[in-house]
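Everything on this sheet refers to the single structure shown next.
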Number of protein chains: 4
Amino acid sequence: MTTQRTSPSSTARRNETSRRAILTAAFELVQEVGYVKLSIEGIASRAGVGKQTIYRWWTSKGAVLFDAFLMLSEHPDGGGSALPDTGDLEADLKAVLRATVAELNDPRYDEPMRALNTEITHDPALAALYSERLDGPMRELKKQRLRNAQQAGQLAQDLDLDVAVDLLWGPLLNRWLQRSGALTPDYADNIVETALNGLRPRH
Amino acid sequence: MTTQRTSPSSTARRNETSRRAILTAAFELVQEVGYVKLSIEGIASRAGVGKQTIYRWWTSKGAVLFDAFLMLSEHPDGGGSALPDTGDLEADLKAVLRATVAELNDPRYDEPMRALNTEITHDPALAALYSERLDGPMRELKKQRLRNAQQAGQLAQDLDLDVAVDLLWGPLLNRWLQRSGALTPDYADNIVETALNGLRPRH
Amino acid sequence: MTTQRTSPSSTARRNETSRRAILTAAFELVQEVGYVKLSIEGIASRAGVGKQTIYRWWTSKGAVLFDAFLMLSEHPDGGGSALPDTGDLEADLKAVLRATVAELNDPRYDEPMRALNTEITHDPALAALYSERLDGPMRELKKQRLRNAQQAGQLAQDLDLDVAVDLLWGPLLNRWLQRSGALTPDYADNIVETALNGLRPRH
Amino acid sequence: MTTQRTSPSSTARRNETSRRAILTAAFELVQEVGYVKLSIEGIASRAGVGKQTIYRWWTSKGAVLFDAFLMLSEHPDGGGSALPDTGDLEADLKAVLRATVAELNDPRYDEPMRALNTEITHDPALAALYSERLDGPMRELKKQRLRNAQQAGQLAQDLDLDVAVDLLWGPLLNRWLQRSGALTPDYADNIVETALNGLRPRH
DNA sequence: TTGTAATCGAGACGGTACGTCTCGTCTTACT
DNA sequence: AGTAAGACGAGACGTACCGTCTCGATTACAA
């Protein structure tokens, strides 16, 4: 639906410079003016690009935004290594969730991520792509860490790891999106502890 | 920010008929055309109302949507009674979460609720209002049910009830908003069980 | 069509203060903001008056403007005395036309008079009223002065005095309205001389 | 200010079809609904054109109207030939003024011309353009006919031809604009005779 | 080395919706 | 009853973007 970069598309003489300029402009603009005022016209102008160049390669504002995130996620190292594994599951999870909290609170990522979430919520096709390309790989890393713990007997044997991931990150993301409370490191710790031990009393 | 209905605002000779027509039109339209194509112009036209009448009383599309939900939530009985309490906490929670799943899957509510969430995500003022008027009362009911269980010794004594609520509903809402998986009754059950018992093995 | 002041209108419990405030506001506003931006809403606001008070007593913006001129024309002395008559027709006419030029160039009257002319051009009913109440009496004075001259043998015996008035004032008003040239005292003199002597050579 | 057609303005890829549709629509609409109810929105709709296309190329309603007249005046032959010159000045002038009367009385031109006059009266820039492009050339033709007569000794040698033109056409236009009397062929004749002979008795 | 065809920046175009302003009508509360 | 105030349905204002289109200029492949 979005990028054709995977399949080289026969004779695609695409201008890589323009492509990067567009994605960068989109990401920066959504920080500056917010999701609501983000416009294709604005992106084109900021990127020094004709509007048609955007419409030629992307189907929607959301698709551009998605690719912008994709570019960011690929750029740094090489896809994202594994989650920390010191053997202490609780400590590791707290560290990771605290990092998530920090990222969501980072003004450079807050608006862009909200924008991406909004697009996903209103566009199933984009959601599928997100699931496959961005969320999927990250979720796999999380599950891998949990699987290690499970094999070490630190987690219930019959535990559904997808549910476990949801139980850890769902509350965080929901509080962030709905602004239903402050997103603090303490909150992250609290989620980890409660999720690990469960709501019921232990003895 | 939104409704002045609380404080009668001195001599505000407001047309209640128009007000209801606008809120109804907004709620219906967002179902039909979706959030992205929802427009003030469309709402006014559908409600048989001048645009100015909307701009006079609401500050944004989101504020209208919010009031539409507020109207709906007040209309039925009297604000929403308590959650079921049969003494069997797990069964009660499963019933409630299954009801939530059903509502989120109901095509009459799906788009409107996504729209409201989108507005909240991008408008802190609206989020505060939502927290106070809509989410707050509902969350209180949830906490009350949990508090009963806690006093009955079915939940950990040191449990933070807000975290508990997040742990139960957060995963659900997040999966729904991000479309990261199917929202089934089984999933609801799974969340309840896992949250109650925790990720760690018991014994 | 406009004011009911002529016929006392049975039970007219009309607020004279408001009436004057409206007319004054209209006249002042049209000077300040120009004809195009003159609005009933603005007049009402400036006059400290409800809009309905204007709509109750006048049928259009032009009618208000017309009455504003009527008020001005009645106020000063008592309806306008005769034109100067020193016996020297040419000198008298030059003086009167120069006065007309001065008035048309006066920034206090320029915009209001243009506005009135615009309304008249687009509203035959108002034009009739203008002809009867404002232009008529003034034209009668002009004709009276010319009639005196005619009886003194200074004007052709078969001269149509209405045509004569048009010949003298028409060029002036037309140049003013169409802005087809500078409106100077010299121009007024030139018109008078040329009209009196005719275009043809004398001998 | 208005037309860029003179200087092609570098790379202005202007749609000539739209341009003509707009001018035609403006001219027709002002006939049908009158000056007061003439709107840009209406013109755009009638011309099958986006509003922006009007705002892009014209600065005001009046500018559109002006160009509509310009188009009409250029279209027929090639700018307008000379005025009739049979040698009989009086007869020629009567013919031309009668033609003017006929045109002003023609319902196809009455409202549009009133509209144009209104715009000119309230917009000096437009008035200058009118003077240069529409009135100027026509006035030159009139003056040329008078100049011929002057050289033939039929007009006073010291006559200011601009004043002469004003004296002939000013009364006509003024009576038309102010609706101060019926515009008949007889009136035209009367103006010509009186202007030629002057108000004073001859011998 | 030279076509030739796709891509590029630019921006006009027919549209839709924005948020504001004014219209003329109406309702309310005060005098 | 008349008034000041102002809400109301209506609709035009002038602006911002939408997504499509056309226009040279540029560019990179295939002949």
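In this text the structure is predicted, and so the values were computed from the model without any measurement. For the numbers below, each heavy atom of this structure counts, side chains included, while hydrogens, waters and symmetry mates do not. Below, chains carry the letters A, B, ... as their sequence lines are ordered, and counting in each starts from 1.
B/R13 has its CZ atom 8 Å from the C1' atom of E/dA29, to the nearest Å. Between A/K61 atom NZ and F/dA16 atom C1' there is a gap of 13 Å when expressed in whole angstrom units. In this structure, CH2 of B/W57 is placed 15 Å from C1' of F/dG9, rounded to the nearest angstrom. Taking atom CG on B/N15 and atom P on F/dG6, their separation rounds to 17 Å, with Å as the unit. For D/R14 and F/dC23, the CZ to P distance is 17 Å, given to the nearest whole Å. One can place CD1 of B/I54 at 17 Å from P of E/dC21, the figure rounded to the nearest angstrom. Atom C1' of nucleotide F/dA28 and atom CD of A/E16 are separated by 16 Å, given to the nearest angstrom. Rounded to a whole Å, the OH atom of D/Y55 is 11 Å from the P atom of F/dA12.
Minimum interatomic distance between D/V30 and D/A115 (heavy atoms only, all atoms of both residues): CG2-CB, 3.7 Å. The shortest heavy-atom contact between B/R114 and B/L177 is NH1-O, 3.7 Å. Contact between A/E111 and A/Y35 at its shortest, heavy atoms only, is OE1-N, 3.1 Å.
Atom CZ of C/R56 is surrounded by more than 12 heavy atoms from other residues, nucleotides or ligands within 6.0 Å.
The side chain to side chain donor-acceptor pair (under 3.5 Å) check on A/E28 picks up A/R46, with sequence neighbours excluded. With sequence neighbours left out, B/T121 forms a side chain to side chain donor-acceptor pair (under 3.5 Å) with no residue at all.
Listed by residue number, there are no residues of residues 27-46 of chain C with a heavy-atom contact under 4.0 Å to DNA chain F.
Closest contact between the side chain of B/K51 and the listed nucleotides E/dC18, E/dC8, E/dC13 involves E/dC18. Of the candidate nucleotides E/dT28, F/dA16, E/dC26, F/dA16 has the atom nearest to the side chain of D/Q52. For A/R56, the listed nucleotide lying nearest its side chain is E/dC8; candidates were E/dC8, F/dC8, E/dG11.
Projected onto DNA chain E by closest heavy-atom contact, A/T53 and D/S18 fall at different nucleotides, the more 5' of which corresponds to A/T53. For the pair A/G48 and D/V49, both in contact range of DNA chain E, the more 5′-proximal nearest nucleotide belongs to A/G48.
With a 6.0 Å cutoff to the six-membered ring centre and a 45° limit on the axis angle, D/R14 counts as a cation-pi contact of D/W57.
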